[in-house]
Amino acid sequence: FPQNGTKKFWDFMRTHDSVSILIFNTSRQCFVVVKQFRPAVYMCEVERRHPELFKNQDKESFSPVEDPLPAVVGVTYELCAGIVDKPDLSLEEIACEEILEECGYRVPVTNLQKITSYRSGVGVTGSTQTLFYAEVTDQMRTGEGGGQSEEGELIEVVEIPLGDSMKFAYDETLPKTMGVIFSFTWFQNNIAPKL
């Protein structure tokens, strides 16, 4: 495409829109987030620590790492989330399904509050993500969560105490998505003053 008289090329991927959910457990005053392995994060960390492996390499001649990094370098903290790939369901219904599958809480659609929608992956995908807020209680937990193993999901449910949440959000040693930081800040500005 031409931009200011210069011909430009850009790689992009077409992908699904998605939903994410900030979950707050009112019984224990904590946020419920998930941890999972992300191959792209792992490979970025491999490249950062071993840039020589990526010099003059293509997919035909890529050499395996002799001393691979532990898988934990590819694990990130994230909001419960999922892709929008069921046209017969509303965004809210998809969000409720994801909360049950990933975190084990049965949440009625009426308990969701839409926070906002925004573009995610603007450099590569440009898809839309819709962020919701849901309050849960211990009594609403009907399962362990963890995702759907038949889809290859391996998700760990993690609780972040409210009092530690902002320290957690800005701790750079704990890899996390921007959604975690943004939603914890949104909570501090919009929900915490009413507690």
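No hydrogens, no waters, no symmetry mates; every other heavy atom, side chains included, goes into these values.
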Approximate separation, where rounding is to 0.5 Å, of M13 CE and S127 OG: 9.0 Å
Between D171 and T173: side-chain donor-acceptor atoms closer than 3.5 Å: yes
Test log, rule side chain to side chain contact (heavy atoms under 4.5 Å, CB included), inputs T137 and Y105: CA-CA 8 Å; T137 63; Y105 291 92; over 6 Å; no
Euclidean distance, I23 CD1 relative to E98 CD, rounded to 0.5 Å: 10.0 Å
R49, CZ atom: more than 12 neighbouring heavy atoms under 6.0 Å: yes
F182 and Y118 aromatic ring geometry - parallel, tilted or perpendicular at 30°/60° bounds: perpendicular
Audit row: D17, I83, side chain to side chain contact (heavy atoms under 4.5 Å, CB included) steps and yes/no: CA-CA 6 Å; D17 289 340; I83 61 172; over 6 Å; no
Distance, nearest 0.5 Å, that separates OH of Y133 from CH2 of W186: 6.5 Å
Any side-chain heavy-atom pair of S117 and K114 under 4.5 Å: yes
Sub-4.5 Å side-chain heavy-atom contact between R119 and T128: yes
Contact check, side chains of L131 and I21, non-hydrogen atoms, under 4.5 Å: no
Donor-acceptor contact present, side-chain R106 to main-chain M140, <3.5 Å: no
Under 3.5 Å: donor-acceptor pair, side chain of R141, backbone of G143: yes
Closest heavy-atom pair and its distance - L112, E92: CD1-O, 3.4 Å
Verify same cluster id: M178, V180 (apolar side-chain graph, 4.5 Å): yes
Check: V34 and L79 side chains under 4.5 Å, non-hydrogen atoms: no
Gap separating the SG atom of C96 from the CG atom of L100, nearest 0.5 angstrom: 9.0 Å
Hydrophobic cluster membership, V46 vs V41, 4.5 Å side-chain cutoff: no
More than 12 heavy atoms from other groups under 6.0 Å of CG on N4: no
Plane angle bin for F168 and F184 - parallel if under 30°, tilted between 30 and 60°, otherwise perpendicular: tilted
E93/K86 salt bridge by N-O under 4.0 Å criterion: no
Side-chain touch T26/V136, heavy atoms, less than 4.5 angstrom: no
Full working for side chain to side chain contact (heavy atoms under 4.5 Å, CB included) between C80 and V33: CA-CA 6 Å; C80 172; V33 299; over 6 Å; no
Criterion side chain to side chain contact (heavy atoms under 4.5 Å, CB included) on Y77 and V158, from CA distance to verdict: CA-CA 8 Å; Y77 293 88; V158 178; 4.1 Å; yes
Co-membership, hydrophobic cluster, residues L162 and Y170, 4.5 Å side-chain: yes
Close side-chain approach of L195 to Q29, heavy-atom, < 4.5 Å: yes
Under 3.5 Å: donor-acceptor pair, side chain of Y42, backbone of V72: no
Joint cluster assignment, V107 & L89, ILVMFWY side-chain distance < 4.5 Å: yes
Test item: K176 side-chain N/O and L174 main-chain N/O as donor-acceptor pair under 3.5 Å: yes
Check: Q36/E78 side-chain N/O donor and acceptor closer than 3.5 Å: yes
Rounded distance [0.5 Å steps], CD1 in I94 versus NE2 in H16: 10.0 Å
Heavy-atom pair with the smallest gap, counting every atom of T185 and I181: OG1-O, 2.9 Å
Close side-chain approach of K35 and V157, heavy atoms under 4.5 Å: no
Q129 backbone acceptor or donor facing S120 side chain under 3.5 Å: no
Over all atoms of both residues, closest heavy-atom pair of L22 and S183: CD2-O, 3.4 Å
Main-chain N/O of A81 paired with E102 side-chain donor or acceptor, under 3.5 Å: yes
I115 side, atom CD1; I191 side, atom CD1 - distance, nearest 0.5 Å: 7.5 Å
Shortest non-hydrogen separation from A95 to F132 and the atoms involved: CB-CD1, 3.9 Å
